[in-house]
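First up is the structure itself, then whatever we jot down about it.
Heavy-atom basis, side chains included; hydrogens, waters and symmetry copies ignored.
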Amino acid sequence: MEQSDRLITGRKVSKVSSTTTTTKTVKSSGVTPSAAGSKQATVDTLEDNWDEAVLKQLLESTTNYDDRRKIRARIRQVMAEKEGSIHT
């Protein structure tokens with residue numbers, strides 16, 4: 001039995017590493033970075049806004065059904081204008 005106490009068993013040891021990623025969501029004000037000094041995008045100023053990304057941000061931040069309907073209509077207009085300018 002003394003010999004069995006002296007036997008060394010070969011073990012595989014593997015190291016485990018893990019990475020934790022934290023994501024923080026910040027609500028946007030709806031102003032485009034390129035439009036420095038310009039007015040903030042609102043439902044009242046939809047016709048003045050031609051930036052699809054800003055309109056989509058405004059849509060995400062709005063909960064009122066009628067306002068969301070107006071914003072979606074404006075996004076469709078902007079997309080149609082963009083599509084029309086590509087084909088002409």
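Partners of E81 by salt bridge (charged side-chain N to carboxylate O under 4.0 Å, His left out), not counting sequence neighbours: none found. Every residue meeting the side chain to side chain contact (heavy atoms under 4.5 Å, CB included) condition with D44, not counting sequence neighbours, appears here in chain and number order: T42.
A salt bridge between E52 and K56 is present, with a side-chain N of the basic residue lying under 4.0 Å from a carboxylate O of the acidic one.
Across every non-hydrogen atom of I71 and L55, the tightest pair is CG2-O, 3.4 Å. Shortest non-hydrogen contact noted between L58 and V43 is CD2-N, 4.0 Å.
Sorted by first then second residue, the side chain to side chain donor-acceptor pair (under 3.5 Å) pairs that include residues 67-80, not counting sequence neighbours, are R74-Q77.
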